[in-house]
Participant: 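Sharing a structure with you now.
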Amino acid sequence: MSNNNNRSRLKRRVWKNQLFKSLFFLATMIGLVFLALLMYRVLNQGLGYLNIDFIKNFPAPYPDKAGMFAGIMGSVFLMLLIAPISIILGVSTALYLEKYAPKNRFTRFIQVNVQNLAGVPSIVFGLLGLTFFVYFFQFGYTLIAGVFTMSLLILPVIVVAAQEAIRSVPKELSEASIAMGATKWQTIWRIVLPASIPGILTGSILALSRAIGETAPLIIVGAATAIYTIPDSLLAKYTAMPIQIFNWTSRPQEEWQYVAGAGIIVLLIILLLMNAVAVWIRNKFQNRY
Amino acid sequence: MDALKQRNSNSIQEQIAENKRSKKSLLITEKTIPLFLLFCAAISVLTTIGIIFTLLRESFTFFSDVSIIDFFTGMHWSPWTGKFGVFPLISGTLLVTFIAACVALPLGVASAIFLSEYAGENTRKIIKPVLEVLAGIPTVVYGYFALTFVTPILMKLVPGIEIFNALSAGIVVGIMIVPMVASLSEDAMSAVPKSLREGALALGATRLETTTKVVIPAALSGIIASIVLALSRAIGETMIVTIAAGASPNLTFNPAESIQTLTAFIVQGATGDTTYGSTIYYSIYAVGITLFIFTFIMNLISQYVSRKFREDY
């Protein structure tokens, strides 16, 4: 009797395990299904409007004439300027924290500060940029204001990635270099940095691709929507891909949704390429020790 | 080779002098470079100070026009008619965050359990990166998707729902933070030593029992930290709510209605016909500091939980 009882209890427990296993699997799939739906929707709506003219044209008042050229070029310029600023600042910060900083309160403060900064909503960085770069330094709603704002936004991400990359360089390498009579900076410049470059690059590209997709801070520091030239100086007006997409999305006529869809396809392709490069670098240079 | 010959032909004195010179310049580099690096590290601190200073200073100007008590207790937010009670914006933000939590917590934790406890090595290697693609999609794309896909479906399912509504935005914000909950929770669960699981399994526990009675309690601090962090992300999310939730600061907890969040107002206030120096201009900073305080506290909680309750094995 009690044997039977045990067996049915066991059956129930095993059955319950199976049931929950499928539930957990289903829950995981919901995220993926959502992703597939999103992709399908964007392609379905946008592909019809995606052609060479869409890439080459400036914004227009009619959906079938509208183009993304200003946004694409704006995003490219932003990227080319944000990259050196944020990477130099980020890697320097990481080098200081990993190699030079004494283990004291101030160092811990910088470290905690970087982590907290990574959790500050991007729109708050927009407010910082609006006050300091747009009004205080009087850059106005220009490219350079956007560049500085976005550089500060992705700085914490790059610092953390660079720290990890620098930390993963084996100590033996630096010790060998020091033992050969190299100075500390020579060791860092010739041994540590080259060895950590793949990690730094991977992290930086991922951070940059975040900057390319960011909309909120750029809206606050005044990226314009109707731009008919590409920026020719740091103090030029500019726009960016997500800004144009946002602008098209918020128009009431349905045709503009399709234009927005086409814009999203272009944006996603560029992001996908950047991510592919990051993954390629990571795989190519991983585990060399 | 030539350089070496050249060097050998110099007199010893010259060589010593040159050595001294190069040593001196080496010393200068060794001294200045750390200073430069420290300067760069200081920029991240300056950024934080800049953010806090900006928000505080401009808010002070705002609070000289509008009483701080009215701001934090007021039930009406309509800045263009001079009513600055932030409560409707906070309630809108909390409503969206609550809906997002209802979506993200079960999905995220269940995904983490599946990936860490049930999935084989190969399945995990495929699913995890695909899930992380969700995290890399720009929020403006999510906003577009909420407005043009999720909302029309909801309009068929929920009678009387408005075009701009909290529900659609909340669901999509929830989906957006799923990978964050899943990935961080999975890290926490994977960090639980295998021996604990094997002990439970050896005693005859099923996978499910092992997970709920051993792994989850052991990884609880990490899971909670990931959830708090993800919710902080949801509070600060801007584009989805700007596009899909509308711009009506209503004091309502009805998810079918249009609302406005803290972040969505900042966008509206900064892009509308707001003139520099007007009360509305300064109000975006007062709203900004409210948002900053919310997310800052949640980030601190997340860090505290994951540090304080980390179990060491």
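Quick note: numbers below take in every heavy atom, side chains included, and nothing from hydrogens, waters or symmetry partners. Below, chains carry the letters A, B, ... as their sequence lines are ordered, and counting in each starts from 1.
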Participant: At a 4.5 Å cut-off on heavy atoms, which part of A:L38 comes close to chain B: side chain, backbone, both, or neither?
Facilitator: both

Participant: When only pairs under 4.5 Å are counted, which of A:V91, A:L97, A:N275, A:L130 shares the most heavy-atom pairs with chain B?
Facilitator: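 Top option by heavy-atom pairs under 4.5 Å: A:L130.
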
Participant: For A:L26, which atoms come within 4.5 Å of any heavy atom of chain B: side chain, backbone, both, or neither?
Facilitator: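 Neither; nothing under 4.5 Å.
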
Participant: Go through the atoms of B:V178 and report whether side chain, backbone, both or neither lie under 4.5 Å from a heavy atom of chain A.
Facilitator: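 Contact with chain A involves no heavy atom of B:V178 at all.
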
Participant: Using side-chain heavy atoms (C-beta onward) and a distance below 4.5 Å, is B:T263 in contact with A:P121?
Facilitator: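 With C-beta onward as the side chain, the pair stays apart.
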
Participant: Over all heavy atoms of both residues, which pair between B:F114 and A:K21 is shortest? Give the atoms and the distance, please.
Facilitator: CD1-O, 4.3 Å

Participant: At a heavy-atom separation under 4.5 Å, does A:Q115 approach chain B through its side chain, its backbone, both, or neither?
Facilitator: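 Both parts, backbone and side chain.
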
Participant: Quick one: does B:V45's side chain get under 4.5 Å of A:I110's, heavy atoms only?
Facilitator: yes

Participant: Does any heavy atom of chain A fall under 4.5 Å from the side chain of B:Y281, the backbone, both, or neither of them?
Facilitator: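 Only the side chain of B:Y281 comes within 4.5 Å of chain A.
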
Participant: Any idea which of B:V141, B:T295, B:I175 has the most non-hydrogen atom pairs under 4.5 angstrom with chain A?
Facilitator: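 The option with the most such pairs is B:I175.
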
Participant: Specify which of B:V150, B:L134, B:T139 makes the most heavy-atom pairs with chain A at under 4.5 Å.
Facilitator: B:L134

Participant: Between OG1 of B:T238 and CD of A:E214, what distance do you get to the nearest 0.5 Å?
Facilitator: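 Rounded to the nearest 0.5 Å, the OG1-CD separation comes to 8.0 Å.
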
Participant: Please classify the contact of B:F53 with chain A as side chain, backbone, both or neither, using a heavy-atom distance under 4.5 Å.
Facilitator: side chain

Participant: Under the 3.5 angstrom rule, does the side chain of B:N299 hit a backbone N or O of A:G119 as a donor-acceptor pair?
Facilitator: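 Judged by distance alone, yes, a pair lies under 3.5 Å.
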
Participant: So which part of A:L127 gets closer than 4.5 Å to some heavy atom of chain B, the side chain, the backbone, both or neither?
Facilitator: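 Backbone plus side chain of A:L127, per the 4.5 Å heavy-atom cut-off to chain B.
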
Participant: Does CZ belonging to A:R190 count more than 12 external heavy atoms closer than 6.0 Å?
Facilitator: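 Counting other residues, nucleotides and ligands, CZ of A:R190 stays at 12 neighbours or fewer.
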
Participant: Which atoms of B:E237 come close to chain A, meaning under 4.5 Å heavy atom to heavy atom: side chain ones, backbone ones, both, or neither?
Facilitator: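 Neither part; nothing is under 4.5 Å.
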
Participant: Using a cut-off of 6.0 Å, state whether more than 12 heavy atoms not belonging to A:Q253 lie near its atom CD.
Facilitator: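 Yes, the 6.0 Å shell around CD holds more than 12 heavy atoms from other groups.
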
Participant: Within the structure provided, determine whether B:F36 and A:L95 are in side-chain contact (heavy-atom separation under 4.5 Å).
Facilitator: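 They are not in contact (no side-chain heavy atoms under 4.5 Å apart), so the answer is no.
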
Participant: Say you draw a straight line from CG of B:L131 to OG1 of A:T28; how long is it, rounded to the nearest 0.5 Å?
Facilitator: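 Separation between the atoms: 7.5 Å.
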
Participant: At a heavy-atom separation under 4.5 Å, does B:L229 approach chain A through its side chain, its backbone, both, or neither?
Facilitator: neither

Participant: Checking heavy atoms, do the side chain of B:L55, its backbone, both or neither come under 4.5 Å from chain A?
Facilitator: side chain

Participant: Are A:L128 and B:T47 side-chain neighbours, meaning at least one heavy-atom pair lies under 4.5 Å?
Facilitator: yes

Participant: Between A:F246 and chain B, which part of the residue has a heavy atom less than 4.5 Å away: side chain, backbone, both or neither?
Facilitator: both

Participant: To the nearest 0.5 Å, what is the distance between CD1 (B:I33) and OH (A:Y96)?
Facilitator: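 Here the interatomic distance stands at 14.5 Å.
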
Participant: Among B:P106, B:G143, B:G136, B:S111, single out the residue with the greatest number of heavy-atom pairs under 4.5 Å to chain A.
Facilitator: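 Looking at each of B:P106, B:G143, B:G136, B:S111 in turn, B:S111 comes out on top.
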
Participant: Find the distance between OH (B:Y142) and CD1 (A:I264) and round it off to the nearest 0.5 Å.
Facilitator: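 Nearest 0.5 Å value for the OH-CD1 distance: 12.0 Å.
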
Participant: Do B:P138 and A:L268 have side chains that approach each other closer than 4.5 Å (heavy atoms only, starting at C-beta)?
Facilitator: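 Yes, close enough: below the 4.5 Å cut-off.
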
Participant: With a 4.5 angstrom heavy-atom cut-off, is it the side chain or the backbone of A:I30 that approaches chain B, or both, or neither?
Facilitator: side chain

Participant: Please rank B:F292, B:Y285, B:F39 by heavy-atom pairs under 4.5 Å with chain A and give me the top one.
Facilitator: B:Y285

Participant: So, for A:I220 and B:V267, which heavy atoms are closest and what is the spacing to 0.1 Å?
Facilitator: CD1-CA, 4.1 Å

Participant: Could you check which of B:G236, B:A205, B:A41 has the highest count of heavy-atom pairs closer than 4.5 Å to chain A?
Facilitator: B:A41

Participant: Do B:T48 and A:N116 have side-chain heavy atoms sitting under 4.5 Å apart?
Facilitator: no

Participant: What residue, out of A:V221, A:N113, A:T249, has the most heavy-atom pairs lying under 4.5 Å from chain B?
Facilitator: A:N113

Participant: Using non-hydrogen atoms only, which part of B:T242 is less than 4.5 Å away from chain A: side chain, backbone, both, or neither?
Facilitator: side chain

Participant: Who among A:T131, A:L271, A:L32 has the most heavy-atom pairs with chain B under 4.5 Å?
Facilitator: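 Greatest number of close heavy-atom pairs with chain B: A:T131.
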
Participant: Go through the atoms of A:M241 and report whether side chain, backbone, both or neither lie under 4.5 Å from a heavy atom of chain B.
Facilitator: neither

Participant: Quick one: closest heavy-atom pair of B:V140 and A:P242, and the distance?
Facilitator: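 Answer, listing the atom of B:V140 first, then A:P242: CG2-O, 3.9 Å.
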
Participant: How long is the straight-line distance from CE of A:M29 back to CD1 of B:I127, given to the nearest 0.5 Å?
Facilitator: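 Answer for the CD1-CE pair, B:I127 versus A:M29, is 4.0 Å.
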
Participant: Does any part of the side chain of A:F106, heavy atoms only, come nearer than 4.5 Å to the side chain of B:L38, both counted from C-beta?
Facilitator: yes

Participant: Do you see a donor-acceptor pair shorter than 3.5 Å between the side chains of A:T183 and B:E30?
Facilitator: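 Checked: A:T183/B:E30 side chains pair up, N/O donor to acceptor below 3.5 Å.
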
Participant: Non-hydrogen atoms of chain B under 4.5 Å away: do they reach the side chain of A:F25, the backbone, both or neither?
Facilitator: both

Participant: Which atom pairs, donor and acceptor, lie under 3.5 Å between side-chain atoms of residues 149-160 of chain A and protein residues at least two apart or in another chain?
Facilitator:
| from | atom 1 | to | atom 2 | distance (Å) |
| --- | --- | --- | --- | --- |
| A:T149 | OG1 | A:A145 | O | 2.7 |
| A:S151 | OG | A:V147 | O | 2.7 |

Participant: Measure B:E58 against the heavy atoms of chain A and call it side chain, backbone, both or neither at under 4.5 Å.
Facilitator: side chain

Participant: Quick one: what part of A:R13 sits under 4.5 Å from any heavy atom of chain B, side chain, backbone, both or neither?
Facilitator: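 For A:R13, the contact with chain B is made by backbone and side chain together.
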
Participant: At their closest point, which heavy atom of B:G50 faces which heavy atom of A:F132, and how far apart are they?
Facilitator: O-CE1, 3.8 Å

Participant: So which residue, A:G261, A:A101, A:S209, ends up with the most heavy-atom pairs under 4.5 Å with chain B?
Facilitator: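 Most pairs with chain B among the choices: A:G261.
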
Participant: Please rank B:V109, B:I284, B:I243, B:I51 by heavy-atom pairs under 4.5 Å with chain A and give me the top one.
Facilitator: B:I51

Participant: Heavy-atom distance under 4.5 Å to chain B: side chain of A:Y135, backbone, both or neither?
Facilitator: side chain

Participant: Take the angle between the ring planes of B:F145 and A:F34 and call it parallel below 30°, perpendicular above 60°, tilted in between.
Facilitator: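 Correct class here is perpendicular.
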
Participant: About how many Å separate CZ of A:F125 and OG1 of B:T54, when rounded to the nearest 0.5 Å?
Facilitator: 11.0 Å

Participant: Just wondering, more than 12 heavy atoms not from A:W256 lying within 6.0 Å of its CH2?
Facilitator: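 Counting other residues, nucleotides and ligands, CH2 of A:W256 exceeds 12 neighbours.
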
Participant: Against chain A, label B:I266 side chain, backbone, both or neither, depending on which of its atoms sit under 4.5 Å from a heavy atom there.
Facilitator: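 B:I266 touches chain A through backbone and side-chain heavy atoms alike.
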
Participant: For residues A:L117 and B:S44, report the shortest heavy-atom separation together with the two atoms involved.
Facilitator: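 Closest approach of A:L117 to B:S44, heavy atoms only: CD2-O, 3.5 Å.
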
Participant: Would you say the side chain of B:Y144 lies within less than 4.5 Å of the side chain of A:Q45, judging by non-hydrogen atoms?
Facilitator: yes

Participant: Taking side chain as everything from C-beta outward and backbone as N, CA, C, O, which of these in A:Q186 sits under 4.5 Å from a heavy atom of chain B? Side chain, backbone, both or neither.
Facilitator: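 Contact with chain B: backbone and side chain both.
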
Participant: Counting heavy atoms not belonging to B:L27, are there more than 12 under 6.0 Å from its CG?
Facilitator: yes

Participant: I need the minimum non-hydrogen distance between B:L208 and A:K16, along with the two atoms involved.
Facilitator: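 Closest pair (atom of B:L208, atom of A:K16, distance): CD2-O, 4.0 Å.
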
Participant: Which answer fits B:L147, side chain, backbone, both or neither, if we ask what part of it has an atom under 4.5 Å from a heavy atom of chain A?
Facilitator: side chain

Participant: Counting heavy-atom pairs under 4.5 Å to chain B, which of A:I243, A:L37, A:V14 comes out on top?
Facilitator: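 When all of A:I243, A:L37, A:V14 are compared, A:L37 has the most.
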
